[in-house]
Each structure stands twice: as C-alpha cells, then as structure tokens.
Amino acid sequence: MSVGLPISALWPEPSPAPLDDDTLTARYGRADRPHLRMNFVTSVDGAVSVDGLSAGLSGGPDKRVFGLLRMLCDALLVAAGTLRREGYRAVRLDERRRAWRRAHGLAEYPTLVVVSGILDLDPAQAAFADAPVRPLVLTRDDAPAPAGLADVADLVRCGDGRVDLAAGLTELRRRGLDQVLCEGGPRLFGALTTADLVDEVCLSVAPLLAGAGAGRITAGDPSPARHLPLRHVLLAGDGTLLLRYARR
Ligand SMILES: NC(=O)c1ccc[n+]([C@@H]2O[C@H](COP(=O)([O-])OP(=O)(O)OC[C@H]3O[C@@H](n4cnc5c(N)ncnc54)[C@H](OP(=O)(O)O)[C@@H]3O)[C@@H](O)[C@H]2O)c1
C-alpha cells in the first residue's frame, strides 16, 4: 500500500516504483542489538525549525517515516525542551501499526522517555496525562520533582549534577527497551553525540531555504567528528530527501 505522496529509492539501488509501507518498514527495520536511532528533519540550509517549530519543515512523506519509526521502536526518547516547545501529546499509533507491533511480539505502544535535568515538566501535559504506557523521565539524582509528576511518570535518577545519558540508556535496556528512537532536540542530540551513543541518524531534508536565525539539529559543546556511513537515500514526491546513516 502506498500512502499519499510517493517515496521511491534512489540509492544504493534506484527504483522508481513507490515504496509501500512493508518495504519502507524493511528498509528501516529494527537492529539485532541495542540501538539508538535519531530522527530529525532539516532544511536545505540546515535549519532545525521554522518559526521555532519543526512543523514548517515536515511534509507528508516525512510524517509517514516519522510514524513508521515510532512503530519500530521500544522507547521514544525526547528532551524536555522539545517536549515543551512542540507540545508533545500522548504517543499513540493507529490500529494497523499496533497490529504490526503485536505480530512482532512488541508492546502495543512504545514507552515515552523524557530527558530533563531540572524537571520543569507539566504533569498535565497530554504526553504524560493521556499516555497509554506510563512514561519514564531520566533525570539527575538531586532534581526536585514537581507536584504530581510521580503520579503520571516513573522517575529514573541517573547522574550526579547532570543526567548521565549512558547510564540512562543502560537502564532502559535493563527494562527491555533496546530499540530507542530519539526525536531530539538539538541539545540532547549534541549530548548523545559527545557521549558517542548515536548508532543511526534518519534525516529528512526538506526542499526549503529557511534562512538565517534557526539553530542546527545539534547544539552544545563541540565533540570529535565521527564517520557515519550512508545506508540509503529515498526521494519523496514533495522533493524531500529521506536519508539514513548508520554505524552498522
Ligand atoms: N527539526 C527537527 O527534527 C526537530 C526535532 C526536535 C526538536 N526540534 C526543535 O528544537 C527546539 C528545541 O530545542 P532545545 O534547545 O529546547 O533542545 P532540546 O534538546 O530539545 O531540550 C533541551 C532540554 O532537554 C533537557 N536535556 C537535554 N539534554 C540533556 C542532557 N544531556 N542532560 C539533561 N537534560 C537534558 C534539558 O531539560 P530541562 O530544562 O528540563 O533540564 C534541556 O533544557 C524546538 O525549536 C524544536 O522545534 C526540531
């Protein structure tokens, strides 16, 4: 089945035929070991947002892959900044995607995992209050929790003075959450890169010049450059390039 604007393969094997969801699912897949996959959308000139949000960069094909990657993961990792700024709602999947997960022995929904140092989080935000699976919050050992947060999420304290992301991922894996999809944002991506925890980057490039002003998809302290091999290039009917880079 092809949904909306077509997506076709450009590389490594070009094929003009639109990719159906089963083929797309196989192209992204689940790794056979613990794996951290980042997913971002950017403009041709490298902007992380338009008017402060990613929505202005994301068309139908990007949203299709975004949903598919959510279907494939055990945990959906997001930084508090992006959760707040993008107004995250509960992570829900349609029946077709839930059926796919059941058929593959996965929980019906992925677990939302929020990274926050200072716990400036609103328990009434739908991402927590309406969550189909109780979310986790990775935070510092000493961060005071706001009233009501522990009613809607489990706090995982990992790190003295700052969130230890490697320890947080180890804890997720201990809970059986091996396949982690991170939807950003840039400061979390920068910290994960510094800690050398990123296995894969799925990057949508929208055919748009956003102009100066917005930041990049990564932010924070500099870290050594690391090679990340290209795995596939897909082209969507709206001109968006869907790139996948992965270590393995
Ligand atoms: N284009 C895209 O695909 C995409 C994707 C995601 C986001 N975005 C955009 O990115 C912007 C939001 O970015 P942002 O600057 O707020 O960055 P961010 O990385 O989304 O959030 C930063 C916040 O997350 C928490 N955090 C992140 N890394 C942490 C770490 N290593 N340790 C402890 N806490 C950590 C902290 O929360 P506390 O303050 O609670 O301590 C920090 O203030 C928005 O404009 C959004 O639209 C774009």
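Fair warning: this is a prediction, and the values are worked out from it, not measured in the lab. In each ligand, atom 1 is the first atom listed, and ligand 1 is the first ligand listed. If you read the sequence from its start, that first residue is 1, and numbering goes on from there.
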- for atom 32 (N) of ligand 1, nearest protein heavy atom and its distance come out as Val163 CB, 3.6 Å
- Task: Could you tell me whether the side chain of Val180 reaches within less than 4.5 Å of the side chain of His35, counting heavy atoms only?
- Result: no
- Of the listed options (Arg187, Glu183, Arg216), which comes nearest to atom 5 (C) of ligand 1 when hydrogens are ignored and any heavy atom counts? Glu183
- Go through the steps to decide whether Glu95 and Arg102 satisfy the test salt bridge (Lys or Arg N to Asp or Glu O under 4.0 Å), and finish with yes or no. CA-CA 10 Å; Glu95 171 49 33; Arg102 285 194 299 272; 2.6 Å; yes
- Does the pair Thr25 and Asp22 meet the rule for a side-chain hydrogen bond (donor to acceptor under 3.5 Å, both in side chains), with working shown? CA-CA 5 Å; Thr25 300; Asp22 288 345; 5.3 Å; no
- Message: Show the atoms of ligand 1 that are less than 4.0 angstrom away from any heavy atom in Arg85.
- Response: 44 (C), 45 (O)
- Does the pair Asp199/Arg33 count as a salt bridge with the N-to-O cut at 4.0 Å? no
- Query: Is there a heavy atom of Val48 sitting under 4.0 angstrom from any atom of ligand 1?
  - Reply: yes
- Side-chain contact test, heavy atoms from C-beta onward, threshold under 4.5 Å: evaluate it for Leu138 versus Glu171 and give yes or no. no
- Message: Show me which atoms of ligand 1 lie under 4.0 Å from any heavy atom of Ser116.
- Response: 34 (N), 37 (O), 38 (P), 40 (O), 41 (O)
- Could you tell me the separation between the CZ atom of Arg85 and the OG atom of Ser54, rounded to the nearest 0.5 Å? 10.5 Å
- Numbered atoms and elements of ligand 1 in range of Ala191, under 4.0 angstrom, heavy atoms: 31 (N)
- At what distance, to the nearest 0.5 angstrom, does CZ of Arg30 lie from CG of Leu106? 4.5 Å
- Item | Proximal atoms of ligand 1 relative to Gly117 (non-hydrogen, under 4.0 Å) | 33 (C), 34 (N), 37 (O), 38 (P), 40 (O), 41 (O)
- Name the closest protein heavy atom to atom 12 (C) of ligand 1, giving the residue it belongs to and the distance to 0.1 Å. Thr82 OG1, 3.7 Å
- Task: Check whether Val152 and Val114 end up in the same hydrophobic cluster, where Ile, Leu, Val, Met, Phe, Trp and Tyr are linked by side-chain heavy atoms less than 4.5 Å apart.
- Result: yes
- Determine, using heavy atoms of Arg162 and all atoms of ligand 1, whether some pair is separated by less than 4.0 Å. no
- Minimum-distance protein heavy atom relative to atom 29 (C) of ligand 1: Val115 CG1, 3.8 Å
- Message: Could you tell me if the side chain of Leu76 sits less than 4.5 Å from the side chain of Arg70, heavy atoms only?
- Response: yes
- for atom 3 (O) of ligand 1, nearest protein heavy atom and its distance come out as Val41 N, 2.9 Å
- Query: Just one of Leu77, Leu192, Thr194, Leu36 clears the side chain to side chain contact (heavy atoms under 4.5 Å, CB included) bar with Leu165, so which one?
  - Reply: Leu192
- Note on the structure: the protein heavy atom lying closest to atom 4 (C) of ligand 1 turns out to be Phe40 CD2, 3.8 Å
- Task: From atom 10 (O) of ligand 1, work out which of Gly190, Gly185, Cys202, Pro186 has a heavy atom at the shortest distance.
- Result: Pro186
- Note on the structure: So for Thr42 against ligand 1, with non-hydrogen atoms under 4.0 Å, the contacting part is neither
- Query: Which ligand 1 atoms are under 4.0 Å away from a heavy-atom of Glu86?
  - Reply: 46 (C), 47 (O)
- Query: Considering only heavy atoms from C-beta outward, does the side chain of Asp122 approach that of Phe128 to under 4.5 Å?
  - Reply: no
- Message: Measuring only between side-chain heavy atoms, which start at C-beta, is Asp21 closer than 4.5 Å to Arg96?
- Response: yes
- Considering only heavy atoms of Ala79, which atoms of ligand 1 have at least one such atom less than 4.0 Å away? 18 (P), 19 (O), 20 (O), 21 (O), 24 (O), 27 (C)
- Item | Atom indices of ligand 1, in the order listed, that fall short of 4.0 Å to a heavy atom of Ala80 | 24 (O), 25 (C), 37 (O), 40 (O)
- Which residue supplies the protein heavy atom nearest to atom 19 (O) of ligand 1, what is that atom called, and how far is it? Leu188 N, 2.9 Å
- Message: When you measure from the heavy atoms of Arg84 to every atom of ligand 1, does any distance fall below 4.0 Å?
- Response: yes
- Go through the steps for Arg89 and Asp130 under the test salt bridge (Lys or Arg N to Asp or Glu O under 4.0 Å), then give the verdict. CA-CA 8 Å; Arg89 305 175 66 80; Asp130 297 341; 5.7 Å; no
- Task: Give the residue and atom name of whichever protein heavy atom lies nearest to atom 23 (C) of ligand 1, and the separation in Å to one decimal.
- Result: Gly81 N, 3.4 Å
- Note on the structure: Near Gly52 (heavy-atom distance under 4.0 Å), the atoms of ligand 1 are 44 (C), 45 (O), 47 (O)
